[in-house]
Amino acid sequence: MDPIPLLQVKHLKKYFPVRKGIFSKRIGWVQAVEEISFHLHSGETLGLVGESGCGKTTVGRCILRLLEPDAGEIWFEGEDLLRMDAESLRKVRARLQIIFQDPYSSLNPRMTAGEIIAEPIRNHTRCSRKEIQDQVSFLMDKVGLHPEQAHRFPHEFSGGQRQRIGIARALALHPRLIICDEPVSALDVSIQAQVINLLVNLQEEMGLSYLFIAHDLSVVEHISDRVAVMYLGKIVELAKDTVLYSSPKHPYTEALLSAVPIPNPKMKKQRILLQGEIPSPINLPKGCRFYSRCSYRMDHCREVDPEFKDLGEGHWVACHLY
Ligand code: SF4
């Protein structure tokens, strides 16, 4: 494994202002991402999992600089992304791509599939028309679409096929890292498996790395090498996938895992139902953010925010039980 990670995120922080009234006076901040740190090696997949609104999509968008972080560092291929000027960032974006959740709204309905896939090649290279056409055909074939479908518009494809167009477009400039932002959440379960298998095969063939964002641990299980679990803007647990699924430490991870179905009708699992109010991200408690829903909570947890501790072998957890 490359000693220098492909991507390093250090102490990333992103707040959004909350405004009110006719003068849009700022009345507070939504603490979307708070002091998040992780790394990703070349060829690796890191799953980033948590409930809606936990900040995982904001992390992905900050890495791509579609959102400007308020603090922290983001290093990609040894370069500081947050200090890059517009031209350097444009060049780096060729190697850093995204696949969006909703394949319909992320594709321009007025462009054909071929034009959508060709657009980044046209914008970033000096390829001739024929070379672009050949690349589009190659990419469509690679993602399991017929090159003859290049003249069709997005609405003429199924949801799974539209996501394949999004994947082909993301691959067009030979990226090293793809941020997969809930790429299968809008698809039927059977299609989800096909798209995940496609991503796994492409990774093996092209040496891609993925930051795979999902709200469900079952989705990232088959694709991730390591998994980070987020809760209200913080990573609460990070471990190798086999370790996290077999021996979760954080009570929130335990609860998420209890909701993952087991493909064996003879085995029964006790589902942990989380009770208690979720704190407002505008007014977070000073202690552990999971306190109000945790069945293991202690008095201490209400007062002191747990540190993110290394339990060894790359297993990190933020909980006073450890
Ligand atoms: Fe539960 Fe306390 Fe651990 Fe928070 S720190 S998850 S409240 S046991």
Side-chain angles (χ1 to χ4, degrees), residues 2-17 19 24 26 29-46 48 55-101 105-108 111 115-129 131-132 135-136 139 166-183 206-213 228 230 233 235:
D2 203 340
I4 300 174
L6 178 66
L7 173 75
Q8 265 186 299
V9 173
K10 298 181 185 174
H11 311 292
L12 186 70
K13 186 167 147 183
K14 177 70 188 169
Y15 287 8
F16 295 102
R19 300 188 185 277
S24 289
R26 181 170 51 74
W29 294 97
V30 172
Q31 298 173 29
V33 174
E34 181 72 51
E35 286 279 327
I36 275 197
S37 300
F38 62 87
H39 66 268
L40 178 68
H41 281 283
S42 184
E44 190 186 28
T45 299
L46 177 69
L48 188 59
K56 54 194 189 303
T57 291
T58 304
V59 172
R61 282 166 199 232
C62 285
I63 293 169
L64 288 155
R65 282 194 56 192
L66 298 175
L67 289 171
E68 284 304 319
D70 293 316
E73 294 173 36
I74 301 170
W75 294 79
F76 177 67
E77 295 181 318
E79 290 183 272
D80 186 349
L81 281 187
L82 300 186
R83 286 174 191 267
M84 277 183 187
D85 57 28
E87 181 52 24
S88 312
L89 194 61
R90 198 183 81 85
K91 285 185 185 152
V92 123
R93 282 217 176 107
R95 307 191 299 279
L96 185 55
Q97 292 287 315
I98 183 164
I99 302 169
F100 291 99
Q101 174 178 1
S105 59
S106 63
L107 303 179
N108 186 336
M111 289 169 81
E115 287 166 346
I116 290 168
I117 299 167
E119 193 180 38
I121 309 174
R122 202 170 285 133
N123 290 345
H124 283 264
T125 70
R126 293 192 180 152
C127 292
S128 67
R129 183 183 263 237
E131 285 167 333
I132 294 176
Q135 285 192 49
V136 168
L139 287 163
I167 295 171
R169 182 186 161 93
L171 294 176
L173 296 171
H174 311 285
R176 292 196 67 198
L177 171 63
I178 301 183
I179 312 257
C180 305
D181 186 6
E182 304 227 28
M206 304 171 87
L208 299 165
S209 308
Y210 297 134
L211 177 66
F212 198 101
I213 297 169
M230 267 187 89
I235 293 180

Quick check against the 3.5 Å criterion: does R176 have a side-chain atom that pairs as donor or acceptor with the backbone of S209?
no

Is the backbone of E68 close enough, under 3.5 Å, to the side chain of K14 for a donor and an acceptor to pair up by distance?
yes

Taking all non-hydrogen atoms of both residues into account, name the closest pair between G55 and V33 and its distance.
O-CG2, 3.6 Å

Rounded to the nearest 0.5 Å, what's the gap from CD1 on I63 to CD1 on I179? Could you check?
4.0 Å

For residues I121 and A172, report the shortest heavy-atom separation together with the two atoms involved.
CG1-CB, 3.7 Å

Kindly give the heavy-atom pair with the smallest separation between P175 and L208, and that separation in Å.
O-CD2, 3.3 Å

From Y210 OH over to L40 CG, what is the distance, rounded to the nearest 0.5 angstrom?
12.0 Å

Could you state the interatomic distance from CG (D70) to CD (E34), rounded to the nearest 0.5 Å?
10.0 Å

Heavy-atom closest pair, residues S42 and L6
N-CB, 3.9 Å

Looking only at atom types and distance, does a side-chain atom of R169 sit under 3.5 Å from a main-chain N or O of I116, one as donor and one as acceptor?
yes

Show, in sequence, the C-alpha distance, side-chain angles and deciding distance for L107 and F100, and conclude whether the side-chain contact (heavy atoms from CB on, under 4.5 Å) test is met.
CA-CA 9 Å; L107 303 179; F100 291 99; over 6 Å; no

Would you say that L96 contacts L81 through its side chain, given a criterion of any heavy-atom pair below 4.5 Å between the two side chains?
yes

Using the side-chain contact (heavy atoms from CB on, under 4.5 Å) rule, take M230 and I36 through it: C-alpha gap first, then chi angles, then the decisive distance, then the call.
CA-CA 9 Å; M230 267 187 89; I36 275 197; 3.3 Å; yes

Residue set satisfying side-chain contact (heavy atoms from CB on, under 4.5 Å) with S88, at least two apart, ordered chain then number -> M84, D85

Just how far is it from atom CZ of R83 to atom CH2 of W75, taken to the nearest 0.5 Å?
7.5 Å

Under the salt bridge (charged side-chain N to carboxylate O under 4.0 Å, His left out) criterion, do R122 and E119 qualify, and how do the steps go?
CA-CA 5 Å; R122 202 170 285 133; E119 193 180 38; over 6 Å; no

Kindly compute the distance separating CG (D181) from CZ (R61), expressed to the nearest 0.5 Å.
5.0 Å

Please report the shortest heavy-atom distance between A170 and I178, naming the atom on each side.
CB-CD1, 4.3 Å

Hey, what do you get for CZ (F76) to CG (L177), rounding to the nearest 0.5 Å?
5.5 Å

For T58, enumerate each residue passing the side-chain hydrogen bond (donor to acceptor under 3.5 Å, both in side chains) test, keeping only those at least two apart in sequence or located in another chain.
none

Side-chain touch L46/H41, heavy atoms, less than 4.5 angstrom:
no

Non-hydrogen atoms of E44 and H39 that approach each other most closely:
OE1-O, 4.4 Å

Determine whether T57 and Q101 make a side-chain contact, defined as any pair of heavy atoms from C-beta on separated by less than 4.5 Å.
no

Tell me every residue that passes side-chain hydrogen bond (donor to acceptor under 3.5 Å, both in side chains) with S24, counting only those two or more places apart in sequence or in another chain.
none

